[in-house]
There are 2 protein chains.
Amino acid sequence: MSEKRVRADARRNEDAVLEAAKAVFASSGVDAPVREIAAKAGVGLGTIYRRFPERSDLVAAVFRREVDTCAAEATALAESHPPGEALVLWLKRYTAFIATKRGLAAALHSGDPAFEKLPGYFRSNFEPALTALLDAAAAAGEVRAGVAAYDLLRAVGNLSIASDEDGPAYTAGMVDLLIDGLRFRAVRPAEK
Amino acid sequence: MSEKRVRADARRNEDAVLEAAKAVFASSGVDAPVREIAAKAGVGLGTIYRRFPERSDLVAAVFRREVDTCAAEATALAESHPPGEALVLWLKRYTAFIATKRGLAAALHSGDPAFEKLPGYFRSNFEPALTALLDAAAAAGEVRAGVAAYDLLRAVGNLSIASDEDGPAYTAGMVDLLIDGLRFRAVRPAEK
DNA sequence: ACATAAACGGATCAATGTTCCGTTTATGTC
DNA sequence: GACATAAACGGAACATTGATCCGTTTATGT
C-alpha cells in the first residue's frame with residue numbers, strides 16, 4: 001500500500017521535534033513536559049500530537065532514531081578502521097548509548113504499549129550490526145570466534161546496571177575486560 | 001531529641017493510607033492517582049499530603065514497609081523451620097517480592113530524590129536477614145558456606161529481569177537452580 | 001492564479017499533583 | 001465532665017500537563 005506523500009514542512013517539523021525531544025530528554029529528563037519540547041522545536045502542541053498520538057509515542061520515536069544512528073555507526077566504523085579497532089570503537093559507542101538510556105529505561109519498563117516493540121527493534125538493529133563487526137574481527141584473527149552478538153549486547157547492558165556513582169567507571173572497566181576477553185585466544189589466520 | 005507524640009487518629013490514618021496505597025499500586029499500577037488512594041483509605045487529600053509531602057514520598061514509604069515485612073519474615077521462618085528449609089522458603093518469598101516490584105522499579109530509577117535512599121534501605125534490611133539464614137543453613141550442613149548474601153540478592157534481582165511473558169517461570173526455575181547450587185558441596189557437620 | 005487538502009498552532013478541556021484554610025476532633029488539665 | 005488548645009482533617013481551589021479541537025495558514029498540484 002503506497003504511502004501518501006508527506007509535505008516538506010511536515011517532514012521538517014518532525015525532524016525538529018525529534019531533535020528537540022532528544023535535547024530536552026538529555027537536559028530535563030525523559031519526563032519533561034511536551035510543552036517544553038514544542039517550545040524548543042518551535043512548533044505548536046497540535047503539531048506534535050498530530051504526528052505522535054501520545055507522549056509515549058514520541059519517546060519511543062526518539063529511542064528508535066538513536067538506535068538507528070548507533071547501529072549505522074557500526075557500518076561507518078567498519079569502513080574506516082581495521083576490523084578489531086572497529087569492533088572496539090563500536091562497543092564503546094554502544095556502552096555510551098546504553099548509559100544515556102538510564103532514564104529512558106525506566107519509561108521503557110513502565111508497561112506502556114508504545115514501548116513493547118522496542119526491545120525487538122533494539123535487537124533487530126544491533127544484533128546484525130555487531131555480528132558483522134565480530135565476524136570481520138574474527139576473520140582477521142583479532143578476536144575469538146563463536147561469541148554471540150546478542151550475548152555481548154546483553155552483557156554490556158547488564159554491566160551498565162550500576163547503583164553507585166562510580167557506575168560509569170566501573171562499566172567502562174568491565175567492558176574493557178570483556179573486550180580483552182574477546183581478544184584472548186583469537187586465532188591468527190597464519191596459525192590455522 | 002524526643003519525638004512529639006502523634007495522635008491516635010493520625011497513626012490510624014497513616015496505616016490506612018499505606019495499606020490502601022499498596023492495594024491500589026497492585027491493582028492500578030504504581031502511577032495510580034493519589035485521589036484513588038485517598039478514596040480507598042477513606043481520607044482527604046490533605047491528610048495524605050500532610051504526612052507525605054509529595055506523591056513519591058508515599059511510594060517510597062510503601063516500599064520501605066514491604067521491605068520491613070519481607071525482611072521480618074526471615075526471622076519468623078527461621079523460628080518455625082529447619083535452617084535449610086527456612087532459607088529456601090525465604091528465597092522464594094524474596095523472589096515473589098522482587099516480582100511485585102517491577103512497576104515500582106521503574107519509579108525507583110526515575111531519579112526522584114525520594115527514592116535515592118531506598119537501595120541502601122533495601123540492602124541494610126535484606127542483607128542481615130539473608131546472612132543469618134545462610135549462616136544457619138551452612139552450620140547445619142545444608143548449604144555450602146562462603147556465599148555472600150549480597151551476591152545472592154543481586155543474582156535473584158538480575159534473574160528477575162525478564163523481557164518475555166515466560167519471565168516468572170524462567171525466574172522461578174533459575175532461582176531453584178541457584179538454590180540447588182547452594183546445596184551442592186554442602187559440608188555435613190559429621191564430614192568435617 | 002487558483003483550488004484544495006494537508007498541516008499548523010494555541011485555546012480549551014480533563015485529569016492529577018499539590019496547597020490552603022475553615023472546621024473537627026483528640027488530648028491534657030482542672 | 002467541662003473547657004482550652006493544638007493537632008489533624010478534608011475538600012475546594014490552584015497550577016501543571018497530557019490530549020483534543022477547530023479556525024487559520026500554507027504547500028502542492030493543475
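What you are looking at is a predicted structure, and each value in this text was computed from that prediction instead of being measured. Every chain is numbered from 1 and lettered A, B, ... according to where its sequence line falls, protein lines coming before strand lines.
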Side chain of A:Asp9 only, heavy atoms from C-beta on: which candidate in D:dA12, D:dT20, C:dA7 is closest?
C:dA7
A:Tyr49 vs D:dT20: side-chain N/O to OP1/OP2 distance below 4.0 Å
no
Between A:Glu14 and B:Pro53, which residue's closest nucleotide on DNA chain C lies nearer the 5′ terminus?
A:Glu14
Taking 4.0 Å as the cut-off, does a side-chain nitrogen or oxygen of B:Asn13 come that near to OP1 or OP2 on D:dC9?
yes
The side chain of B:Thr47 is closest to which nucleotide in this list: C:dA7, D:dT20, D:dC9?
D:dC9
Tell me which of A:Arg50 and A:Val34 sits closer to the 5' end of DNA chain D, going by the nucleotide each one is nearest to.
A:Val34
Pairwise side-chain contact, A:Glu142 with A:Leu87, heavy-atom cut-off 4.5 Å (strictly under):
no
Given that both distances must come in under 3.5 Å, which nucleotide forms a Watson-Crick or G-U wobble pair with C:dT29?
D:dA2
Among C:dA7, C:dG17, D:dA19, find the nucleotide with the atom closest to the side chain of A:Arg35.
D:dA19
With a 4.5 Å limit on heavy-atom distance, are the side chains of A:Val59 and A:Phe115 in contact?
yes
Does a side-chain heavy-atom distance below 4.5 Å link B:Leu178 with B:Met174?
no
If you pin B:Pro33 and B:Gly46 to their nearest nucleotides in DNA chain C, which one's is more 5'?
B:Pro33
Using a 4.0 Å heavy-atom cut-off across all strands, classify A:Ala38 as base, sugar-phosphate, or nothing.
nothing
Just say parallel, tilted or perpendicular for the rings of A:Phe126 and A:Phe122, cut-offs at 30° and 60°.
perpendicular
Could you please name the option among C:dT12, D:dA8, C:dA7 that lies closest to any side-chain atom of B:Val6?
D:dA8
Look through every strand shown and name the nucleotide pairing with D:dT28 as Watson-Crick or G-U wobble, where both distances are under 3.5 Å.
C:dA3
Rounding to an integer number of Å, can you tell me how far A:Asp112 CG sits from D:dG18 P?
13 Å
Would you kindly check whether a donor in the side chain of A:Arg7 faces an acceptor in the base of C:dA6, or vice versa, at under 3.5 angstrom?
yes
